[in-house]
2 protein chains.
Amino acid sequence: MRDFVKLFKALSDETRIRILKVLLERECCVCEVMQALTISQSRASRNLGILEDAGLIKSKRDGLWIVYSIDEQRMKSYTAPLIELLRSSLVNDEMLLQDRERLSHAVRICSKAMPK
Amino acid sequence: MRDFVKLFKALSDETRIRILKVLLERECCVCEVMQALTISQSRASRNLGILEDAGLIKSKRDGLWIVYSIDEQRMKSYTAPLIELLRSSLVNDEMLLQDRERLSHAVRICSKAMPK
DNA sequence: TACCTGTATGCATATATTCGAATATATGGA
DNA sequence: TCCATATATTCGAATATATGCATACAGGTA
């Protein structure tokens with residue numbers, strides 16, 4: 001039986017919803033997510049891990065970076081309606097506008113870009 | 001903006017998933033839910049309330065009883081894919097088989113039927 | 001090897017959630 | 001009005017979750 005509880009738990013957090021919406025725009029490495037949402041590195045990493053563990057996103061290594069993206073393979077199965085649900089809510093999402101704006105200026109090198 | 005977090009929080013609990021699946025079978029009053037799942041009265045009432053607050057189910061009074069049911073009106077909007085997701089998982093659900101069996105014997109009068 | 005950098009994780013803490021037991025509320029009948 | 005009963009709510013304890021800080025880990029480079 002599919003683990004609905006784990007799936008919905010992963011979705012029941014505002015930070016993770018924001019991350020998913022940003023990932024619907026394009027794939028991101030951890031440092032881009034933290035810049036887009038202006039959250040800490042550990043917070044970004046941990047929440048990305050929870051989303052991945054729930055099967056909503058996947059990761060691949062690209063040099064020093066770990067790049068996360070919506071798991072299109074799974075989307076075709078049971079997570080598809082969930083992703084569609086998120087997609088349908090992208091309009092008039094003020095928070096997403098800000099996250100997207102910051103993402104457009106995000107760079108892959110964090111330490112210098114984000115002294116904090 | 002739709003309150004996804006509240007919606008998914010409501011779904012991220014095994015008791016509430018079981019309740020939803022039972023309600024997909026047929027509408028139930030609180031005491032039928034508690035008998036079907038063999039849970040306490042306060043637990044049944046509280047979790048039904050959470051599901052209702054999230055907009056997944058609705059309630060109507062029938063004499064002494066409050067009867068809960070899937071909110072078909074909302075199903076047509078954004079909760080539809082969620083309900084479909086649940087429906088698709090009804091097969092091979094061992095727990096549901098048991099809940100359903102107990103529901104078939106449930107009666108509307110609790111105090112005598114469930115001395116506990 | 002040694003070092004730098006991006007990411008993951010262990011730990012402590014603040015907050016949130018869940019539950020049972022007890023109590024409050026609401027409806028219907030005598 | 002008074003009582004019985006179905007449901008809702010409050011309270012406290014146990015447990016789970018989210019986060020920051022510090023540190024460990026891993027890949028790239030010299």
Side-chain angles (χ1 to χ4, degrees), chain A residues 3 5-20 23 27-54 57-69 106-116, chain B residues 3 5-20 23 27-54 57-69 106-116:
Chain A
D3 198 348
V5 174
K6 175 187 277 190
L7 180 64
F8 291 131
K9 266 192 201 303
L11 289 163
S12 61
D13 179 272
E14 173 153 22
T15 300
R16 292 193 285 272
I17 295 289
R18 285 173 68 196
I19 290 177
L20 278 179
L23 288 182
E27 60 178 29
C28 295
C29 65
V30 177
C31 64
E32 286 172 324
V33 168
M34 60 186 282
Q35 288 172 82
L37 309 204
T38 55
I39 59 179
S40 73
Q41 184 270 323
S42 72
R43 186 172 168 186
S45 172
R46 228 184 292 264
N47 282 302
L48 282 163
I50 290 172
L51 288 171
E52 183 175 29
D53 189 49
I57 64 178
K58 62 182 177 184
S59 64
K60 66 180 180 200
R61 181 172 280 280
D62 177 14
L64 278 178
W65 299 278
I66 310 286
V67 181
Y68 287 90
S69 57
V107 290
R108 282 216 167 173
I109 311 289
C110 301
S111 18
K112 298 294 167 52
M114 296 195 72
K116 172 187 169 240
Chain B
D3 199 350
V5 174
K6 176 187 276 189
L7 179 65
F8 291 131
K9 266 192 201 304
L11 290 163
S12 61
D13 179 272
E14 173 154 21
T15 301
R16 292 193 286 272
I17 295 289
R18 287 172 68 196
I19 291 177
L20 279 179
L23 289 182
E27 61 177 29
C28 294
C29 66
V30 177
C31 63
E32 286 172 325
V33 168
M34 60 186 282
Q35 289 171 81
L37 310 206
T38 55
I39 59 179
S40 72
Q41 185 269 325
S42 73
R43 187 172 169 185
S45 173
R46 205 176 320 113
N47 283 302
L48 282 164
I50 290 172
L51 288 171
E52 182 174 30
D53 189 49
I57 64 177
K58 61 183 177 183
S59 64
K60 67 181 179 198
R61 181 172 280 279
D62 177 14
L64 279 179
W65 299 279
I66 308 285
V67 181
Y68 287 92
S69 56
V107 290
R108 282 217 168 174
I109 310 290
C110 303
S111 17
K112 299 294 167 52
M114 298 194 71
K116 173 187 168 241

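Lettering follows sequence order; numbering is per chain, from 1. Heavy-atom basis, side chains included; hydrogens, waters and symmetry copies ignored.
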Of all the nucleotides listed ([options]), which has the minimum atom distance to the side chain of [X]?
{"X": "A:Cys29", "options": "C:dT18, D:dT7, C:dT7", "result": "C:dT7"}
{"X": "A:Arg16", "options": "C:dG20, C:dT7, D:dA18", "result": "D:dA18"}
{"X": "A:Leu64", "options": "C:dT18, C:dA22, D:dG27", "result": "D:dG27"}

Short side-chain N/O contact from [X] to OP1 or OP2 of [N], under 4.0 Å:
{"X": "B:Ser40", "N": "C:dG20", "answer": "yes"}
{"X": "B:Asn47", "N": "C:dT17", "answer": "no"}
{"X": "A:Tyr68", "N": "C:dG6", "answer": "no"}
{"X": "B:Ser45", "N": "D:dA8", "answer": "yes"}

Notebook entry, point to check: Short question: side chain of B:Arg46, backbone of B:Gln41 - any donor-acceptor pair under 3.5 Å?
Noted result: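 The answer is no, because no donor-acceptor pair under 3.5 Å joins these two groups.
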Next item on the list: May I ask you to decide if A:Phe8's main-chain N or O and A:Ser12's side chain share a donor-acceptor pair within less than 3.5 Å?
Entry: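 Present.
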Whole-Å distance between [N] [atom2] and [X] [atom1]?
{"X": "A:Ile66", "N": "D:dG27", "atom1": "CD1", "atom2": "P", "value": "8 Å"}
{"X": "B:Asp62", "N": "C:dG28", "atom1": "CG", "atom2": "P", "value": "9 Å"}
{"X": "A:Trp65", "N": "D:dT29", "atom1": "CH2", "atom2": "C1'", "value": "13 Å"}
{"X": "A:Asp13", "N": "C:dA16", "atom1": "CG", "atom2": "P", "value": "12 Å"}
{"X": "A:Leu11", "N": "D:dT17", "atom1": "CG", "atom2": "C1'", "value": "16 Å"}
{"X": "A:Arg43", "N": "D:dT19", "atom1": "CZ", "atom2": "C1'", "value": "7 Å"}
{"X": "A:Lys6", "N": "D:dA16", "atom1": "NZ", "atom2": "C1'", "value": "15 Å"}
{"X": "B:Met34", "N": "D:dA6", "atom1": "CE", "atom2": "P", "value": "10 Å"}

Margin query: Distance criterion of 3.5 Å, no angle test: do you see the side chain of B:Gln41 paired donor-to-acceptor with the base of D:dA6?
Written below: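 Answer is no: no donor-acceptor pair is held.
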Check: Do A:Arg46 side-chain and D:dG20 base share a donor-acceptor contact under 3.5 Å?
Finding: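 Checked by distance alone, the answer is yes.
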Within-4.5 Å side-chain heavy-atom neighbours: [X] and [Y]:
{"X": "A:Val67", "Y": "A:Val30", "result": "no"}
{"X": "A:Arg16", "Y": "A:Leu11", "result": "no"}
{"X": "B:Ile19", "Y": "B:Leu23", "result": "yes"}

Checklist line | Residue whose nearest DNA chain D nucleotide is more 5′ - A:Gly63 or A:Thr15 | finding: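 Result of the comparison: A:Thr15.
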